[in-house]
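What follows is a single structure, written as structure tokens, with notes after it.
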Protein chains: 2
Amino acid sequence: MRIVAERAGVAVSSVSRVLSGHEDVSSVMRNRVLDAVAAIGYERDLLAQSLRTGATYSVGFVAIDVANPVIALNAAGAESLFRDAGYGLLISSSGGDPDLDLHYLRHFEQRRVDGMILSLAHENNPDTLALLRQLSTPLALIDRTLPREIPASAVLHDHATGIDAAVADLAGRGHTRFALVNGAPHVRPSKERARALRRAVRAAGGEPVTVKARAYSAEHGYTTTMSFLAARPRPTVLFVGGNQILAGALRALAEEGVRIPEDMEVVTFDKVALSDFLRPPLGFVTRDPRGAGRLAAELLLEQFDGAEPRTVTVPTAYEPAPR
Amino acid sequence: MRIVAERAGVAVSSVSRVLSGHEDVSSVMRNRVLDAVAAIGYERDLLAQSLRTGATYSVGFVAIDVANPVIALNAAGAESLFRDAGYGLLISSSGGDPDLDLHYLRHFEQRRVDGMILSLAHENNPDTLALLRQLSTPLALIDRTLPREIPASAVLHDHATGIDAAVADLAGRGHTRFALVNGAPHVRPSKERARALRRAVRAAGGEPVTVKARAYSAEHGYTTTMSFLAARPRPTVLFVGGNQILAGALRALAEEGVRIPEDMEVVTFDKVALSDFLRPPLGFVTRDPRGAGRLAAELLLEQFDGAEPRTVTVPTAYEPAPR
DNA sequence: GTGAAAGCGCTAACAT
DNA sequence: ATGTTAGCGCTTTCAC
């Protein structure tokens with residue numbers, strides 16, 4: 001910038017003013033500077049700018065697993081908005097480990113990110129909450145809830161709608177014994193799905209729902225499905241808490257020779273690419289992950305503009321298995 | 001840091017020395033400082049540090065599409081290494097648009113990233129190459145090639161191995177007419193796959209291979225598969241250039257009532273989660289995307305340590321369709 | 001409307 | 001072994 005100033009024969013402060021689009025600059029000045037900038041091919045150093053102004057134009061995404069298609073779509077959705085707004089998106093991947101949640105929270109804090117998007121591995125972890133409480137960074141949660149005293153925007157999925165429709169369909173076909181291979185226990189989606197499924201099945205006059213929450217992993221999907229299949233009487237409807245769990249669940253069902261849908265109906269959360277071509281035929285409770293990511297970014301940008309944190313609820317839907 | 005210095009009754013430079021793990025510091029000094037740091041809960045400002053030292057401890061990933069499971073796994077693999085090394089990973093997503101390649105290259109340059117991982121949308125784009133040429137940032141390519149004069153490490157997949165095995169298998173079953181719904185034309189994987197498939201089929205005495213390269217999209221998968229199905233005589237083996245294309249290809253095959261594997265064999269590139277449960281039965285040419293991402297990160301970290309750029313080739317394998 | 005100068009928080013000479 | 005000082009590249013008073 002000093003070089004630009006010299007070349008244009010003006011002060012660095014003037015260059016800064018031009019580049020920042022300040023009001024009080026003569027068009028003569030503006031042109032001289034812009035010409036020099038173009039001649040040199042100069043670009044402002046975002047780092048120095050950040051140090052001075054306090055704004056880094058970067059956002060951290062504390063994700064439970066970037067390799068999960070749903071999270072990847074969240075990231076892609078957010079990224080597209082941030083790109084247009086000039087923000088950089090830092091990603092992370094806790095792999096379900098609450099310590100990594102903390103690690104990244106600290107890391108992003110140290111980087112002075114302007115905001116964070118949070119898909120925490122564990123929304124009740126005391127250390128995480130303590131850190132969050134003393135953090136003043138704008139926050140946008142994706143399907144997570146935090147204690148009221150921690151201000152944060154949130155994109156919340158209305159899991160009940162999709163589940164209600166699914167249960168209505170299946171109970172209507174005479175099913176009464178439902179089971180749920182649930183994901184990680186300490187995050188909103190798992191809690192909401194268990195709650196909504198229990199309520200819906202009770203309302204439909206079914207038997208108490210069996211739920212087992214562990215992790216978003218194929219291994220949990222396999223062992224837990226196996227344990228459900230060993231129960232007598234067996235459940236006749238299996239809800240599966242996401243695509244990673246599904247891989248294990250389908251393997252277990254195949255190994256045990258369970259016929260679908262004759263012996264058991266399977267409904268899984270989230271449709272990912274190619275889901276249409278999965279065998280056996282599955283029902284889906286779907287949401288729009290790219291839209292959710294976009295929305296989270298929007299809520300964050302809103303806060304950067306001075307708006308108060310707010311919560312937006314987005315729908316889920318039921319897509320019955322093909323017959 | 002000034003506050004810490006005051007509290008410890010020492011100079012800021014001494015605090016800096018302690019925190020940087022410098023040699024010449026007495027243990028008395030060290031303890032005084034560390035105590036003060038602990039008491040205040042102080043954390044160094046990475047921004048100021050970066051401005052002074054020139055190192056930002058951040059890496060930019062110019063990705064063709066973060067929502068693509070293969071790329072997401074690349075990112076996850078790289079991220080795990082960078083995390084341990086204290087680096088932050090900035091992601092992007094060009095969606096196949098070369099202009100966005102450029103946008104992000106500039107953006108990351110402006111952010112002064114210490115290095116970049118590149119899965120460009122277009123490896124021959126003149127503007128991109130021009131920018132890259134005048135860039136001094138360490139680079140690690142993931143399955144891309146650049147002109148020799150642009151120094152860069154690279155992780156290259158040996159596509160031929162998997163393809164050779166696939167063609168050997170299928171030619172051995174009497175197939176002679178092969179077609180390939182290829183991805184984006186100006187990137188190494190597409191080029192390599194077309195080249196390797198043509199060579200393998202020729203070597204096996206088959207007919208000239210039909211190839212159509214457009215984009216990594218379901219739409220291209222659909223329309224191009226349709227056009228292949230309209231050809232007379234029809235190809236009897238369809239190679240599909242990745243999971244996004246596959247979605248469209250399978251839809252086309254289903255709509256046309258093509259029986260697999262009776263009427264046609266289908267081999268697709270990359271196994272993603274749940275691929276085992278896809279119907280119809282598919283053959284796969286597989287690679288290890290997480291490993292590739294990890295490797296790219298390694299090559300970059302290596303360069304940060306002063307090593308020269310180098311190229312590593314990693315294998316692909318063939319997994320025949322289940323019978 | 002423009003320039004001079006201070007300072008964001010840190011590190012690296014250079015003294016002592 | 002520690003303190004003093006300059007400066008990374010920018011923005012922002014404050015004069016003029």
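Chain naming here is simple, since letters A, B, ... match the order of the sequence lines and numbering starts at 1 in each.
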Specify whether His103(B) and His107(B) have parallel, tilted or perpendicular ring planes, treating 30° as the upper limit for parallel and 60° as the lower limit for perpendicular. parallel
Using a strict cut-off of less than 4.0 Å between a Lys/Arg side-chain nitrogen and an Asp/Glu carboxylate oxygen, indicate whether Arg133(A) and Glu149(A) qualify as a salt bridge. yes
Check this for me: does any side-chain nitrogen of one of Arg112(A) and Asp45(B) sit under 4.0 Å from a carboxylate oxygen of the other? yes
For Ser26(A) and for Tyr42(B), find the nucleotide of DNA chain C with the closest heavy atom, then tell me which residue's nucleotide is more 5'. Ser26(A)
Would you mind classifying the nucleic acid contact of [X] as base, sugar-phosphate or nothing, using non-hydrogen atoms under 4.0 angstrom?
X: Arg32(B); answer: nothing
X: Ser14(B); answer: sugar-phosphate
X: Thr53(B); answer: sugar-phosphate
X: Asp24(A); answer: base
X: Arg44(A); answer: sugar-phosphate
X: Ser20(A); answer: sugar-phosphate

Can you measure [X] atom [atom1] to [N] atom [atom2] for me and round it to whole angstrom units?
X: Gln49(A); N: dG9(C); atom1: CD; atom2: P; result: 16 Å
X: Arg111(A); N: dC10(C); atom1: CZ; atom2: P; result: 15 Å
X: Leu51(A); N: dC10(C); atom1: CG; atom2: C1'; result: 8 Å
X: Arg2(A); N: dA5(C); atom1: CZ; atom2: C1'; result: 15 Å

Side chain Ser92(B), main chain Phe61(B), donor-acceptor under 3.5 Å: yes
Any side-chain donor-acceptor pair under 3.5 Å between Gln303(B) and Ser153(B)? yes
Going 5' to 3' along DNA chain D, which are the first and last nucleotides with any atom under 4.0 Å from a heavy atom of chain B? dA1(D) to dG9(D)
Got a sec, which residues hit side chain to side chain contact (heavy atoms under 4.5 Å, CB included) with Glu109(A), two or more places apart in sequence or on another chain? Leu131(A), Gln134(A), Leu135(A)
